[in-house]
Every structure is written in structure tokens, then in C-alpha cells.
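Being a predicted model, the structure only gives us computed values, none of them experimental.
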Amino acid sequence: QLQLVESGGGLVQPGGSLRLSCAASGFTLDYYAIGWFRQVPGREREGVSCISSTGGLTNYAYSVLGRATISKDTSKNTVYLYVNNLAPEDTAVYYCAAQGTGRLNTCDLFSAAYNKWGQGTQVTVAS
């Protein structure tokens with residue numbers, strides 16, 4: 001019933017940019033914070049960015065601070081992650097996840113706080 005679907009991954013050149021999408025169905029994002037995470041085989045899952053259910057609060061990991069933007073389109077029930085100045089170190093599988101916060105202006109970058117996950121989309125940064 002409740003589902004998150006990521007899209008927008010692919011192969012990009014170093015210094016390039018991309019926009020990832022996280023489309024929610026079966027529930028409204030008005031009551032859920034959304035987080036973006038990434039994972040490389042053999043490494044821990046890393047929080048990248050998050051946005052509160054109200055859209056009024058955003059957080060970013062230091063690794064993407066200043067070059068990433070998270071946003072929400074309520075009419076499409078979709079959250080986006082835009083990242084520029086991509087580097088090979090950004091290569092990973094990117095996941096979006098939902099946290100049932102209600103209508104609170106909060107979000108966090110700890111994966112354990114989220115209980116709804118998408119299937120992931122591969123991002124590869126290489127020349």
C-alpha cells in the first residue's frame with residue numbers, strides 16, 4: 001500500500017549534476033519526513049539530506065553541504081534531491097526513506113529513524 005520509488009540515477013561526469021526523484025504513493029508526505037541515503041558495498045549507509053513533513057526544515061551531510069538541495073512538490077507527492085559538482089566519491093546506490101513524524105518541523109540523517117524505504121537508484125560518477 002505504502003510505497004516509495006526512486007528515479008533519476010545513472011552515469012554522470014565529474015563536475016556534473018543530477019536530480020533524483022522520490023515519488024510516494026499510498027500515503028501523503030504531509031505527515032512524513034523524507035531522507036536521502038547512499039550506500040557503497042562494504043561501507044555503512046550514509047545520510048545525505050532530509051526534509052521535514054512541513055518542508056520548513058532541511059538538513060545536509062557535510063559531504064554535500066553547499067552543493068545539494070532537497071525540495072518537495074506537494075502536488076506530485078514527490079521529493080527531489082539535486083546535487084552538483086559531482087565527484088567519483090559520490091558514486092553509490094541512493095535510497096529515499098520516510099519517517100512518520102506527523103506535522104512536526106523536524107528530520108534527521110540517521111537511517112534507524114526511518115521505516116519506509118525505496119528500492120534505490122544507482123548513481124555512477126566517472127569520466
Could you measure the distance from the CG atom of Asn59 to the SG atom of Cys50? Nearest 0.5 Å is fine.
4.0 Å
Contact between Asn77 and Thr28 at the side-chain level, heavy atoms closer than 4.5 Å - yes or no?
yes
I would like to know whether Glu6 and Tyr94 meet side chain to side chain contact (heavy atoms under 4.5 Å, CB included); could you show each step before the answer?
CA-CA 8 Å; Glu6 302 98 332; Tyr94 283 71; over 6 Å; no
Nearest heavy atoms of Cys107 and Ala33, plus distance in Å
CB-CB, 3.8 Å
Can you tell me if Ser53 uses its side chain to pair, donor with acceptor, with the backbone of Gly102 under 3.5 Å?
yes
Rounded to the nearest 0.5 Å, what separation is found between the CD atom of Gln3 and the NZ atom of Lys116?
11.5 Å
Would you say that Gln122 contacts Thr91 through its side chain, given a criterion of any heavy-atom pair below 4.5 Å between the two side chains?
yes
Do Val48 and Tyr62 share a hydrophobic cluster (ILVMFWY, side-chain heavy atoms under 4.5 Å, transitive)?
yes
Taking Asn85's backbone N and O only, do any of them form a donor-acceptor pair with Arg67's side chain (distance below 3.5 Å, no angle check)?
yes
At their closest point, which heavy atom of Ala24 faces which heavy atom of Leu4, and how far apart are they?
CB-CD2, 3.7 Å
When rounded to the nearest 0.5 angstrom, what is the spacing between CG in Asn115 and OH in Tyr32?
7.5 Å
Over all heavy atoms of both residues, which pair between Leu57 and Thr106 is shortest? Give the atoms and the distance, please.
CD2-CA, 3.5 Å
Between Lys72 and Asp30, does any side-chain N to carboxylate O distance fall below 4.0 Å?
no
Here the gap from Ile51 atom CD1 to Ile70 atom CD1, rounded to the nearest 0.5 Å, amounts to 5.5 Å
Distance under 6.0 Å and angle within 45° of the ring axis: does Arg38 meet both against Tyr95?
no
Is the cationic atom of Arg19 (NZ for Lys, CZ for Arg) positioned less than 6.0 Å from the six-membered ring centroid of Tyr80 and within 45 degrees of its normal?
yes
Test side chain to side chain contact (heavy atoms under 4.5 Å, CB included) on Ile34 and Leu29; report intermediate values, then the result.
CA-CA 8 Å; Ile34 296 295; Leu29 295 180; 3.5 Å; yes
Over 60° means perpendicular and under 30° means parallel, so classify the ring planes of Phe37 and Trp117, tilted if in between.
tilted
Roughly how far, to the nearest 0.5 Å, is the CG atom of Leu20 from the OH atom of Tyr82?
11.5 Å
Taking all non-hydrogen atoms of both residues, which atom of Thr54 and which atom of Asn105 are closest, and how far apart?
OG1-OD1, 3.0 Å
In terms of heavy-atom contacts, Gln39 and Glu44 come closest through OE1-C, 4.4 Å
Check for me, please, whether Tyr31 and Leu2 land in the same ILVMFWY cluster - side-chain distances under 4.5 Å, paths through other members count.
yes
With no hydrogens and no angle check, just 3.5 Å: does a side-chain donor-acceptor pair link Glu46 and Ser63?
yes
For Leu86 versus Val83, what's the shortest heavy-atom pair and its separation?
CD2-CG1, 3.7 Å
Taken to the nearest 0.5 Å, the spacing of Leu81 CG from Thr69 OG1 works out to 8.0 Å
What do the steps show when you test Asp108 against Gln99 for side chain to side chain contact (heavy atoms under 4.5 Å, CB included), and what is the final call?
CA-CA 9 Å; Asp108 63 66; Gln99 178 186 12; 3.5 Å; yes
Find out whether Thr124 and Val12 are in side-chain contact, i.e. whether some heavy atom of one side chain is under 4.5 Å from a heavy atom of the other.
no
Are any non-hydrogen side-chain atoms of Leu109 and Trp36 less than 4.5 angstrom apart?
no
Would Val5 and Gln119 satisfy side chain to side chain contact (heavy atoms under 4.5 Å, CB included), going step by step from the backbone distance to the final call?
CA-CA 7 Å; Val5 178; Gln119 82 289 345; 4.1 Å; yes
